[in-house]
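Presented below is the structure to which this report refers.
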Amino acid sequence: MKPVIEVHDLGIEFYRGRKRRMSLREMILKRQNTSPRDTFWALRHITFDVQAGEAVGLIGGNGGGKSTLLKMIAGVLIPDEGYARVRKGVAPLIELTGGFLGELTARENVYLAAGLHGMPTEEVDERYEGIVDFAGPQVRAAMQMPYRHFSSGMKVRLAFSLITTLDQPIVLVDEVLAVGDRSFREKCYVRMEDMLSGGKTLFLVSHSAGDLKRFAERGLYLRGGGLVADGPIKEVLKEYHRHTDANS
Amino acid sequence: MILVRQFRGLMANRQVLRTLVKRDLRVRYARSMLGYVWTILDPLAMSLIYLVVFTLIFTSKRAGNQPFFMSLIIGMLAWQWFNQSLTETSRALLSEARLVRSTSLPRELWVVRVVLAKGIEYIYSLPVIIFFAAFYIIRGELRLNWTLVYFPVAVLLIFLLATGIGLILAPVTVLVTDMTRVVRIVIRMTFYATPILYSAQAAPEALRRILVFNPLSGIMELLRTGFFDTQHVSRAAVLVSVVASVGAVIIGSALFTRLEPAVLKEI
């Protein structure tokens, strides 16, 4: 069977300088960008495959390229080298509230955001009750209110509920579990376990060893833009701890 | 062929496109009818001002077609669509940065969606033209002719031209910081360089030869010819419009694809 995620020799280069943008004045007068053209590879030579149904945890310190990798798999960044091929639909739990608009009511937002992720209106009708139920009674009571009056916790709860209802075979999670209060977090865990046992492929970024051990079987360790370890999550975590301990 | 791939991407996401356009319109018309009033109030008010300035103060008989107000309103409404499309497409990727960053939709969508939403507002404003046309016809000052069939052609050309230029402006504005200001100035200059307040045939010969190269000239002529027997349609101007509109779309999509990776890193 072909892997659902195929990453081959992936690399992306960023500008280290203050900015990459040029002002028109600079372009005309100096004919070049005045800030130094200093670049670095946030990720380079990354190669791995993920099979359907696998649960992968991404491990690494800050600036290791975890989020960047996730964004390229989600298709919201384009690599400069190599490719990240994804064969099935993706539900990105990155920037959860991105598709929501403050001026509209929460209810309208559910329909619009679901539409943005490709869910037809009839299907939203069917799942609407489920989405609101999961987000909790506090959110249910406020569905006719403009979304901007929501507390940040309520916003995230509604968004998480919506995106996980999308039913895409691949789920990308970027540290979103840190939000919400304790009882909601527990609900999120249960929902994620449900998705996993339902045969979905999970890609998880987290700094919490507990979360990683709970959900992921396989670990990928990113350091300095390279993939330094790929194996069972416990061993990769051990390796990560060994590295960080050695450096501190 | 790159254009085919982009077009397919858009067609595959037409449901999303519809959702986005609907969202734009809903936000704009969220507070009842007032949204609609704004759509038509601005061009109406401006047309009235120009009417006073040019018929009462400068008393110019050469400005072009009669009734002058009719000619003005046709031009102003189309100009509003074009103008707003460019102003907003140049900010399209920046103002929706959060959405662009969180969905993997074809990025051209963010441009097309603006032009389309503004285009629908333009269609909504057409009853104004119908109203004034009826008014002048009843007073016997206006007669329609069969060349009215060119009107939808002109609408299509505006759509293509605005989309093409928008595809160029959107990524460039992300990479070049002061582009928005340049766009604003260029748009204001274009307003006077386009036969909106006047008709091309009223301009002196030398100027007319330059006007032909403004793609909006031909479009304006096609829009008006069905209403005015006096409206001259220059073949050269129309040819320029068609070539420029199609060319803008081709160049725009190529440039957009080229700049896309850099743009995504910036927003």
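Note on naming: letters A, B, ... go to the chains in the order of the sequence lines (proteins, then strands), and numbering restarts at 1 for each one.
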For B:Tyr124, I'd like to know if atom OH has over 12 heavy atoms of other residues, nucleotides or ligands within 6.0 Å.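 Count not over threshold, so no.
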Step through the shown structure and confirm whether more than 12 heavy atoms of other residues, nucleotides or ligands are within 6.0 Å of CZ on B:Arg258. no
Hey, could you give me the NZ/OH distance between B:Lys22 and A:Tyr111, rounded to the nearest 0.5 Å? 11.5 Å
Could you state the interatomic distance from CG (A:Leu116) to CG (B:Leu20), rounded to the nearest 0.5 Å?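 The distance works out to 5.0 Å.
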[X], part contacting chain A, at a heavy-atom distance under 4.5 Å:
{"X": "B:Val100", "result": "backbone"}
{"X": "B:Leu105", "result": "side chain"}
{"X": "B:Arg107", "result": "side chain"}

Under 3.5 Å donor-acceptor pairs involving side-chain atoms of residues 209-216 of chain B, not counting sequence neighbours:
residue, atom, partner, partner atom, Å
B:Asn214, OD1, B:Leu216, N, 2.8
B:Asn214, ND2, B:Ala193, O, 2.9
B:Asn214, ND2, B:Thr194, OG1, 2.9

Please output the side-chain donor-acceptor pairs of residues 77-93 of chain A that fall under 3.5 Å, not counting sequence neighbours, one pair per line with the distance.
residue, atom, partner, partner atom, Å
A:Asp80, OD1, B:Lys265, NZ, 3.3
A:Asp80, OD2, A:Glu13, N, 2.9
A:Asp80, OD2, B:Lys265, NZ, 2.6
A:Glu81, OE2, A:Arg44, NH2, 2.9
A:Arg87, NH1, A:Pro3, O, 2.8
A:Arg87, NH1, A:Glu6, OE1, 3.1
A:Arg87, NH2, A:Glu6, OE1, 3.0

